[in-house]
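Below is one structure; the comments refer to it alone.
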Amino acid sequence: AATAGTATAVAHPNIALVKYWGKRDERLVLPRTDSLSMTLDVFPTTTRVRLDPGAGQDTVILDGAPAKGEAQRRVTAFLDLVRERAGMSLRAVVDSRNTVPTGAGLASSASGFAALAVAAAAAYGLRLDPAGLSRLARRGSGSASRSVFGRFAVWHAGDADATPRDADLGSYAEPVPADLDPALVIAVVHAGPKSVSSRAAMRHTVATSPLYAAWAAAAGDDLAGMRAALARGDLDAVGRIAEHNALGMHATMLAARPAVRYLSPASVTVLDRVLELRQDKVAAYATMDAGPNVKVLCSRADAERVADAVREAAPGSRVVVAGPGPGARLLHGGG
Ligand code: ATP
């Protein structure tokens with residue numbers, strides 16, 4: 001390994017247009033289906049990793065306070081992986097700041113682990129190409145594999161029958177060509193942390209929902225349709241596929257036993273408003289993740305109109321207009 005040190009990286013969250021929901025391997029974070037997302041130009045996470053030769057354990061500061069419990073364990077387990085690959089045992093001080101509400105279905109774990117992967121790889125002197133960084137970020141949080149890249153990215157599930165080593169190698173994200181520069185209007189109807197983590201909810205859905213298999217079986221067509229629609233710059237087709245893929249994912253959760261329900265009354269009110277916009281001939285389509293917040297895809301030209309409509313539908317919610325953003329990058333530091 002190269003010289004160790006201190007490194008700071010920044011990464012943005014991504015919102016999937018074809019969702020990741022369900023793992024086939026928990027330890028390696030291998031998904032059951034391919035997924036495709038847009039990295040945002042808002043809500044960056046900045047993470048600094050500093051190797052600490054005197055320390056007997058890692059210190060994790062998240063948004064200015066020591067991380068506890070599961071959040072702390074996830075980061076330490078991730079650093080263990082980096083240390084194993086770098087052939088080093090030094091502990092580190094990790095200081096990370098999200099600008100997005102943490103754990104609210106706004107993809108803080110995606111920006112968080114993409115930034116951590118880039119910063120930790122640099123601090124521990126691991127030299128990785130973009131696909132290698134994406135595989136590494138995946139081990140922290142599956143969706144983080146996609147935030148390594150800007151604009152649109154596809155995360156390959158990889159071969160389900162491969163050996164663990166080959167399966168790991170085959171599951172990474174890469175950029176997807178798109179002739180489209182849309183807006184994503186994000187309605188933060190509730191900024192508090194979710195009661196069930198994405199990780200636990202997807203595990204429960206795969207294990208108990210009779211609808212899961214049908215949704216996963218349709219993911220291949222959704223992905224092929226999405227790629228083609230992005231390539232030809234067809235906002236309506238992108239939106240239609242994103243919306244049915246997302247609502248289908250929520251249907252799998254509603255059919256789980258017991259049900260996992262992330263939609264709130266305010267979410268449904270926004271979904272209704274999106275339908276009204278379409279009746280008024282505005283191309284607007286909704287997507288939702290593991291939380292009550294709704295993201296509305298539309299053209300840049302319609303973004304303010306859509307934002308106003310969403311504000312009116314969900315008074316008190318924070319509405320943010322995002323566009324396609326950059327991939328994860330090192331700000332400074334490294335070997
Ligand atoms: P979100 O709910 O924010 O959209 P998600 O849908 O991926 O993210 P979870 O899988 O529940 O939801 O992830 C949230 C968890 O990710 C947090 O509880 C924390 O453990 C971890 N996390 C979030 N931000 C960071 C960060 N900047 N650095 C390290 N870990 C983070």
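Order of appearance sets the numbers: ligands from 1, and atoms from 1 within every ligand.
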Sole candidate of Thr33, Asn245, Thr287 that passes side chain to side chain donor-acceptor pair (under 3.5 Å) when paired with Lys19: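 Answer to the side chain to side chain donor-acceptor pair (under 3.5 Å) test with Lys19 among Thr33, Asn245, Thr287: Thr287.
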Matching residue for Asn98 among Thr47, Thr46, Thr45 - test: side chain to side chain donor-acceptor pair (under 3.5 Å):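 For Asn98, the side chain to side chain donor-acceptor pair (under 3.5 Å) test succeeds with only one of Thr47, Thr46, Thr45, which is Thr45.
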State plainly whether the residues [X] and [Y] are in salt-bridge range, i.e. N to O under 4.0 Å.
X: Arg311; Y: Asp308; answer: yes
X: Asp95; Y: Arg50; answer: no
X: Arg300; Y: Asp181; answer: yes
X: Arg146; Y: Glu174; answer: no

More than 12 heavy atoms from other groups under 6.0 Å of CD on Glu70: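 Yes, because the 6.0 Å sphere around CD of Glu70 holds more than 12 heavy atoms from other groups.
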Applying a 4.0 Å heavy-atom criterion (strictly less than), which segment of [X] is in contact with ligand 1: side chain, backbone, both, or neither?
X: Glu70; value: neither
X: Ala290; value: neither
X: Asp289; value: neither
X: Leu106; value: backbone
X: Arg97; value: neither

Asp236 versus Tyr285, side-chain donor and acceptor atoms under 3.5 Å: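 Judged by distance alone, the side chains do pair up.
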Donor + acceptor pair across side chains of Arg83, Tyr124 (<3.5 Å):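 The answer is yes; a qualifying pair exists.
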Check: Arg138 and Phe113 side chains under 4.5 Å, non-hydrogen atoms: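 They are not in side-chain contact.
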Out of [options], who is nearest to [atom] when you count heavy atoms only?
atom: atom 23 (C) of ligand 1; options: Ser108, Gly291, Gly112; value: Ser108
atom: atom 29 (C) of ligand 1; options: Val75, Thr45, Val60; value: Val75
atom: atom 26 (C) of ligand 1; options: Asp63, Val100, Leu62; value: Leu62
atom: atom 28 (N) of ligand 1; options: Ala107, Ser96, Gly69, Ser109; value: Ser96

Test of proximity, Asn98 against ligand 1: N or O pairs below 3.5 Å: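 Yes - when backbone and side-chain N and O of Asn98 are compared with those of ligand 1, one distance drops under 3.5 Å.
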Protein residue, atom and distance nearest to atom 9 (P) of ligand 1, heavy-atom basis: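 Answer for atom 9 (P) of ligand 1: Ser198 OG, 3.8 Å.
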Protein non-hydrogen atom below 4.0 angstrom of atom 18 (O) of ligand 1 present: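 It does not; no protein heavy atom is within 4.0 Å.
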Which atoms of ligand 1 sit under 4.0 Å from any heavy atom of [X]?
X: Phe113; result: 30 (N)
X: Ser197; result: 11 (O)
X: Arg74; result: 10 (O), 13 (O), 15 (C), 16 (O)
X: Ala71; result: 20 (O)

Ring centre gap for Phe43 and His12 strictly below 6.0 Å: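 Ring centroids of Phe43 and His12 are no less than 6.0 Å from each other.
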Contact check, Leu116 vs ligand 1, heavy-atom distance below 4.0 Å: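 Distance cut 4.0 Å: Leu116 fails for ligand 1.
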